[in-house]
There are 2 protein chains.
Amino acid sequence: MKGEKITVSIVEDIEDIREALRVLVNGSTGFECTHVYADAEEALDKMPANDIDVVLMDINLPGMDGIGCMKALKPLMPNTQFMMCTVYDDDDHIFNALQSGASGYILKRTSPAQILEAIRDLHEGGSPMSSEIARRVVFSMQNKGKTSEAVELLTDRETEILDFLSKGYLYKEIAAELFISKETVKKHIHNIYDKLHVQTRTEALNKAYQRK
Amino acid sequence: MKGEKITVSIVEDIEDIREALRVLVNGSTGFECTHVYADAEEALDKMPANDIDVVLMDINLPGMDGIGCMKALKPLMPNTQFMMCTVYDDDDHIFNALQSGASGYILKRTSPAQILEAIRDLHEGGSPMSSEIARRVVFSMQNKGKTSEAVELLTDRETEILDFLSKGYLYKEIAAELFISKETVKKHIHNIYDKLHVQTRTEALNKAYQRK
DNA sequence: TTAAAAATACACCGAAAGGGTTATTGACTT
DNA sequence: AAGTCAATAACCCTTTCGGTGTATTTTTAA
């Protein structure tokens, strides 16, 4: 075990970054980058044939994204650890990745030495994350169970309308219930989406009434 | 800001450890241990009078434990960060502490240098955790996002697609995830709506996973 | 009393959702 | 061998949704 190399695969669409990572990994004792892939489809097709310790996965890929790719690969590669390596540091991406099975999450601005350390850490059972990422994860735990604080920002009218949304009412139906115009309903909903940082009805409901 | 010291208080019942931590903090430039307390009751009584950056809190204390102490102190000290510093590495203690408002969680076997680094990290907005701790946190998240109970009228494929619907995915996003055409996704969804006797996504979700 | 937030409304626009229909393939049943 | 079902895919069509603006009124707060 001691002398064996940690085998690494990389999924990254930007050639410069992909090659830089490959060189980094291959140039370090104890690591070996055996395969690299430029997109999710290629990775899905070829990666399961190899027994890999650690996958460095970019999120922003053409076509299927890195999170979807990982989700598809996970059941095929039960002994492989996945680490997201991306420029995204927003909550949605972080939580989505971690809930989908990533064990580590680092940002591309992480230093080469730290990337290698993170790979080793991951392989040894750790969950390497930068501390900004860790803080967000911790915050998310603290906010579990209670209706998210963003919901508190909603006005009474907005909450009322959100409630209709949750029951599947159409804009015009809500308008009829409240004796206001459909346009006003739309405006309220637009404001709700702004406050909750979402784009669709379903996302808003998931955020507002987060189920366990 | 650069020249200012990070003020630290310590709550720890074992005198040897308490004094070792105090010496460590006071002997390092950029840090100052202004107060130490031997139990939760003393800390609760005296600590809120001081403006402290970081509290190192032991969990196992005589009487009230460190988690309860932190919960009581938090509302009184909104600008203070709490770091649990304990021998417990079991899930219950970790989650309880983090959900109760701790921003960092380190084990007592952490090296002196790493403790100092963790204090600085915490003060700068990070969430220092050893990677074993991080891994446990991540695992707990992964077990939260599991699929709800199935509607047995639906085929496997339909259930799968319903699950994507519940997460707010667009048709084309589902199509990309499943490697099928958007039209097929639409057809499946149409069949789902038929079986559930509904017309919209939200109604389907209400029917499938009935929430209040 | 002045400023702000909240609620109301409308117009233009493109994207997305959903209804209806038809068709091909493979798998399982009878 | 015929029939059913599930999964796949495409077509046309209308409605709904959501973004980006602007604007008026009312309420609330400073």
Side-chain angles (χ1 to χ4, degrees), chain A residues 40-41 44-45 60 62-65 68 71-72 75 90 92 96 147-209, chain B residues 147 150-209:
Chain A
E41 290 74 13
L44 257 181
D45 187 36
N60 181 232
M64 176 185 255
D65 73 12
K71 272 199 251 191
D90 60 290
D92 280 351
N96 208 336
T147 52
S148 70
E149 74 268 41
V151 176
E152 320 281 303
L153 296 175
L154 301 180
T155 66
D156 289 349
R157 196 57 154 176
E158 285 164 356
T159 305
E160 194 177 7
I161 287 175
L162 183 61
D163 199 49
F164 281 111
L165 273 191
S166 77
K167 295 174 187 149
Y169 282 58
L170 302 179
Y171 289 4
K172 62 179 176 188
E173 291 172 336
I174 299 173
E177 290 287 330
L178 298 178
F179 301 103
I180 58 180
S181 84
K182 192 186 78 178
E183 293 298 323
T184 304
V185 172
K186 195 175 124 180
K187 182 63 172 171
H188 282 305
I189 289 172
H190 185 256
N191 290 338
I192 292 170
Y193 290 176
D194 263 1
K195 291 183 182 177
L196 300 183
H197 304 114
V198 297
Q199 283 79 36
T200 69
R201 177 187 296 232
T202 309
E203 285 176 315
L205 299 181
N206 284 334
K207 192 144 238 167
Y209 323 106
Chain B
T147 46
V151 174
E152 63 264 9
L153 293 173
L154 303 180
T155 66
D156 288 350
R157 196 58 154 175
E158 285 163 355
T159 305
E160 192 177 10
I161 286 174
L162 182 63
D163 198 51
F164 280 112
L165 276 190
S166 77
K167 293 176 187 146
Y169 281 57
L170 303 179
Y171 289 4
K172 64 179 174 187
E173 291 173 335
I174 299 173
E177 292 285 334
L178 298 179
F179 298 105
I180 57 181
S181 83
K182 194 186 74 176
E183 292 299 322
T184 303
V185 172
K186 198 175 120 180
K187 181 60 174 170
H188 281 306
I189 291 171
H190 186 260
N191 291 337
I192 292 171
Y193 290 174
D194 264 0
K195 290 184 181 177
L196 299 182
H197 306 290
V198 295
Q199 283 79 33
T200 69
R201 177 188 295 233
T202 308
E203 286 177 310
L205 298 181
N206 283 336
K207 195 139 226 164
Y209 326 102

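Throughout, protein chains are lettered first and strands after them, A, B, ... in sequence-line order, and every chain is numbered starting at 1.
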Practice task
Estimate the overall bend of the helix from C/dA3-D/dT28 to C/dT30-D/dA1 from the end axes over five pairs each, rounded to 10 degrees.
Solution key: 60°

Rounded to whole angstroms, how far apart are [atom1] on [X] and [atom2] on [N]?
{"X": "A/Phe179", "N": "C/dA7", "atom1": "CZ", "atom2": "P", "result": "18 Å"}
{"X": "B/Lys182", "N": "C/dA15", "atom1": "NZ", "atom2": "P", "result": "11 Å"}
{"X": "B/Arg157", "N": "D/dC5", "atom1": "CZ", "atom2": "C1'", "result": "16 Å"}
{"X": "A/Phe164", "N": "D/dC17", "atom1": "CZ", "atom2": "C1'", "result": "19 Å"}

Practice task
Residues of residues 168-176 of chain A with any non-hydrogen atom less than 4.0 angstrom from an atom of DNA chain C: list those, numerically ordered, please.
Solution key: none

Pairs under 3.5 angstrom only: tabulate donor-acceptor contacts from the side chains of residues 184-191 of chain B to other protein residues two or more places apart or in another chain.
from: B/Thr184; atom 1: OG1; to: B/Ser181; atom 2: OG; distance (Å): 3.1
from: B/Asn191; atom 1: ND2; to: B/Lys187; atom 2: O; distance (Å): 3.4

Exercise for the section: May I ask you to say what A/Ser181 touches in the nucleic acid, namely base, sugar-phosphate or nothing, with a heavy-atom cut-off under 4.0 Å? Expected result: sugar-phosphate

Practice task
Test side-chain contact (heavy atoms from CB on, under 4.5 Å) on A/Ile174 and A/Ile180 and set out the steps.
Solution key: CA-CA 8 Å; A/Ile174 299 173; A/Ile180 58 180; 5.8 Å; no

Practice task
Report yes if at least one side-chain N or O of A/Arg201 is closer than 4.0 Å to OP1 or OP2 of C/dA16; otherwise report no.
Solution key: no

Handout entry: N/O (side chain, A/Thr184) to phosphate O (OP1/OP2, C/dA9) under 4.0 Å
Key = yes

For nucleotides 19-29 of chain D, list the nitrogen or oxygen atoms of the protein found under 3.5 Å from its nitrogen or oxygen atoms, one pair per line.
from: D/dG19; atom 1: O6; to: A/Lys186; atom 2: NZ; distance (Å): 2.3

Exercise for the section: Kindly write out the residues that satisfy side-chain contact (heavy atoms from CB on, under 4.5 Å) with B/Glu160, not counting sequence neighbours, or none if the list is empty. Expected result: B/Arg157, B/Phe164, B/Leu178

Practice task
Return the set of residues passing side-chain contact (heavy atoms from CB on, under 4.5 Å) with B/Gln199 (not counting sequence neighbours), or none when no residue passes.
Solution key: B/Glu203

Handout entry: salt bridge (charged side-chain N to carboxylate O under 4.0 Å, His left out) partners of A/Lys167, counting only residues at least two apart
Key = A/Asp163

